[in-house]
Amino acid sequence: MNPSELTLLVLRFGFLLLLWLFVFGIVYALRTDPFGQRVRKLPESQAAAPASPFPAASAPAPVPSPMAAPAGPTEDRS
């Protein structure tokens with residue numbers, strides 16, 4: 001193995017290592033909070049409490065929409 005082959009091999013492994021560092025850096029950046037704050041762990045007593053202070057309301061009934069007028073003339077032309 002001459003020096004040029006060894007240099008090429010070292011450069012290939014260095015480039016591969018650099019690419020993996022970018023991958024791990026992206027994964028780390030995606031896992032962190034966008035505003036830079038850590039997520040707080042709630043104590044066990046607060047973790048059992050409901051998440052919302054408002055009671056869950058049932059879904060409102062759908063409101064029927066008025067029927068649209070037919071398009072075009074309505075009188076019969078014979």
Side-chain angles (χ1 to χ4, degrees):
M1 184 179 262
N2 61 26
S4 64
E5 289 179 7
L6 181 62
T7 305
L8 187 60
L9 183 67
V10 169
L11 287 174
R12 283 182 181 174
F13 279 124
F15 184 67
L16 184 64
L17 179 66
L18 181 67
L19 288 177
W20 275 109
L21 287 175
F22 280 133
V23 168
F24 288 131
I26 290 170
V27 169
Y28 177 75
L30 289 175
R31 289 178 53 96
T32 57
D33 187 39
F35 301 115
Q37 298 174 351
R38 298 277 182 199
V39 176
R40 289 188 318 166
K41 299 286 183 187
L42 293 177
E44 291 296 324
S45 61
Q46 290 181 355
S52 176
F54 302 107
S58 62
V63 178
S65 60
M67 298 205 41
T74 55
E75 49 185 76
D76 185 27
R77 295 184 180 178
S78 306

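Side-chain atoms are counted along with the backbone in the values below, which use heavy atoms only and exclude waters and symmetry mates.
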Within this structure, what is the CG-CD1 distance for the pair Leu21 and Ile26, rounded to the nearest 0.5 Å?
11.0 Å

Examine Val27 and Leu19 and state if one hydrophobic cluster contains both, with Ile, Leu, Val, Met, Phe, Trp and Tyr joined whenever side-chain heavy atoms are less than 4.5 Å apart.
no

Group every Ile, Leu, Val, Met, Phe, Trp and Tyr by side-chain heavy-atom contacts under 4.5 Å, then state whether Leu18 and Phe13 land in the same group.
no

